[in-house]
Amino acid sequence: MPELPEVQTTVDDLNRKVRGRRIVAAWHDWPKFKAVEKAKGHTISGVRRLAKNILFHLGDSHLLLVHQKMTGHLLVGKWQIEGRKIIPLAPAELKEKVNNYIHFILTLDNGQMIGFSDLRKFGKVVFGTKEEIEDLPDLKKLGPDALAVNYRQFAERVRKRRKTIYQTLMDQTVISGIGNIYANDILWQARLSPFKLASRLTGAELKLLHRTIKPILVKAFKARGTSIDDYRDTAGKKGRYAASRLVYQREGESCRRCRATILRKKQGGRSVHYCPKCQGR
DNA sequence: TGCAGTGTTGCTTC
DNA sequence: CGAAGCAACACTGC
């Protein structure tokens with residue numbers, strides 16, 4: 001589940017590996033990814049992260065937007081394309097099952113390829129001019145980036161919400177970049193109950209929460225992200241954050257602070273993990 | 001065996 | 001307008 005640290009890892013990889021390369025061919029096997037065809041002939045002048053979106057700058061006028069949603073990840077390597085059949089060649093990691101749901105491939109002028117593996121095909125691809133992409137309603141609605149938001153902005157936006165703080169942290173229109181994994185860990189680190197209403201947080205709680213966000217995301221980025229299920233970097237390798245995670249998917253295990261048993265509950269259709277003893281009320 | 005659970009986002013409905 | 005519920009998918013685990 002790519003969130004900010006995973007998307008940033010991917011974007012940094014791509015800038016290192018494919019910046020300056022021209023796209024000489026595009027292949028896809030699913031109608032919703034057909035926009036990749038229009039990228040053919042363009043040169044990748046850079047790659048940027050916007051919230052959890054990946055923006056390929058094509059020349060100085062166009063953009064290709066890729067959202068990985070839940071199970072999507074971008075890989076750089078070589079495949080053999082035989083009609084609808086894709087055979088992974090190199091690196092060896094591409095042969096792993098999780099990397100074997102390729103639905104589009106961009107072939108570059110040096111023979112390297114960018115492949116998109118997405119088991120559930122929830123991913124999104126849009127091609128357009130800079131103006132067209134920047135005017136997409138979904139991008140316009142995004143709140144400030146979780147790494148860049150200052151305390152004043154953060155407090156003002158969070159306080160307005162009438163949902164729980166857990167749901168508010170994951171709401172991309174409030175601040176962008178945080179999903180379920182890091183929302184869980186951030187709330188645990190700040191000793192805040194996920195069920196507390198955002199509008200009821202005190203100034204001190206908001207301050208604590210705000211200054212907890214960045215260190216958790218940075219720590220995850222340094223570990224190259226979380227790979228509990230599908231996420232892989234562009235070499236097809238796992239991130240290491242899962243091993244040091246604080247509460248996410250630790251139901252039934254003991255709290256790293258107080259040894260109480262970690263619980264899991266449903267909140268707005270998602271699983272929130274928390275310590276009932278040291279995360280307030 | 002079959003069906004609920006998984007989690008991001010957009011659309012529909014109220 | 002905000003919030004809840006569902007759909008987009010396919011595989012895993014009970």
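The chains referred to below are lettered A, B, ... by the order of the sequence lines, with proteins before strands, and numbering in each begins at 1.
Across all strands, Lys141(A) comes closer than 4.0 Å to no nucleic acid atom at all (heavy-atom distances). Among the protein residues, Tyr248(A) comes within range of the sugar-phosphate backbone only, with heavy atoms under 4.0 Å from sugar or phosphate atoms but none that close to a base. Using a 4.0 Å heavy-atom cutoff across all strands shown, Thr71(A) reaches no nucleic acid atom at all. Across all strands shown, Lys97(A) has heavy atoms under 4.0 Å from sugar-phosphate atoms exclusively, and none from any base. When heavy atoms are screened at a 4.0 angstrom cut-off, Asp138(A) is found touching the sugar-phosphate backbone but no base atom. Among the protein residues, Glu3(A) comes within range of the sugar-phosphate backbone only, with heavy atoms under 4.0 Å from sugar or phosphate atoms but none that close to a base.
Of the two residues contacting DNA chain C, namely Lys163(A) and Lys32(A), the nearest-nucleotide position lying further toward the 5' end is that of Lys163(A).
Across all strands shown, dG2(C) forms a Watson-Crick or G-U wobble pair with dC14(B), both key distances being under 3.5 Å. Base pairing of dT8(B): its partner is dA8(C), meeting the Watson-Crick or G-U wobble criterion (both donor-acceptor distances under 3.5 Å).
Relative to the six-membered ring of Trp188(A), Arg245(A) misses at least one condition, a distance below 6.0 Å or an angle of at most 45° to the axis.
The same atom, P, is picked in dG2(B) and in dA8(C); the two are 23 Å apart, to the nearest Å. A gap of 15 Å separates the P atoms of dT12(B) and dC9(C), to the nearest Å. The separation of dT9(B) from dC11(C), taken at their P atoms, amounts to 22 Å, rounded to a whole angstrom.
Atom P of nucleotide dA3(C) and atom CZ of Arg161(A) are separated by 6 Å, given to the nearest angstrom. Summarising the geometry, the separation between CG on Asn180(A) and P on dT9(B) is reported as 11 Å, rounded to the nearest angstrom. Per the geometry, NZ belonging to Lys69(A) stands 11 Å off P belonging to dC9(C), to the nearest Å. The CG atom of Leu4(A) sits 11 Å away from the P atom of dT9(B) (whole-angstrom rounding). Summarising the geometry, the separation between CE on Met70(A) and C1' on dG7(B) is reported as 3 Å, rounded to the nearest angstrom. Rounded to a whole Å, the CG atom of Asp118(A) is 13 Å from the C1' atom of dG7(B). In this structure, Gln68(A) places its CD atom 13 Å from P of dT8(B), rounding to the nearest Å. One interatomic measurement links the two molecules: CG of Asp171(A) to C1' of dG2(C), which rounds to 11 Å at whole-angstrom precision.
A salt bridge is defined here as a Lys NZ or Arg NE, NH1 or NH2 lying under 4.0 Å from an Asp or Glu carboxylate O, and Glu205(A) with Lys196(A) meets this definition. Taking 4.0 Å as the cut-off between side-chain N and carboxylate O, Lys124(A) and Asp138(A) count as a salt-bridged pair. We find that Asp13(A) and Arg16(A) are joined by a salt bridge, their nearest charged nitrogen and carboxylate oxygen being less than 4.0 Å apart. With respect to Asp171(A) and Arg161(A), a salt bridge is recorded, a charged nitrogen being found less than 4.0 Å from a carboxylate O.
Distances were taken from every side-chain heavy atom of Lys52(A) (C-beta onward) to each of dG7(B), dT9(B), dT12(C); the shortest belongs to dT9(B). Distances were taken from every side-chain heavy atom of Arg162(A) (C-beta onward) to each of dT12(C), dG10(B), dG2(C); the shortest belongs to dG2(C). When each of dG10(B), dA4(C), dT8(B) is scored by its nearest atom to the side-chain atoms of His67(A), the top-ranked nucleotide is dT8(B). For Lys124(A), the side-chain atoms get nearest to dG10(B) when compared with the rest of dG10(B), dA10(C), dG7(B). Nearest to the side-chain atoms of Arg270(A) among the listed nucleotides dT12(C), dA10(C), dT9(B) stands dT9(B). Listed nucleotides: dG2(C), dT8(B), dA10(C). Nearest to the side chain of Arg120(A): dA10(C).
More than 12 heavy-atom neighbours from other residues, nucleotides or ligands sit within 6.0 angstrom of NZ on Lys95(A).
One finds a side-chain N or O of Lys121(A) lying less than 4.0 angstrom from the OP1 or OP2 phosphate oxygen of dA10(C).
Tyr182(A) and Tyr241(A) have their aromatic ring centers within a separation under 6.0 angstrom.
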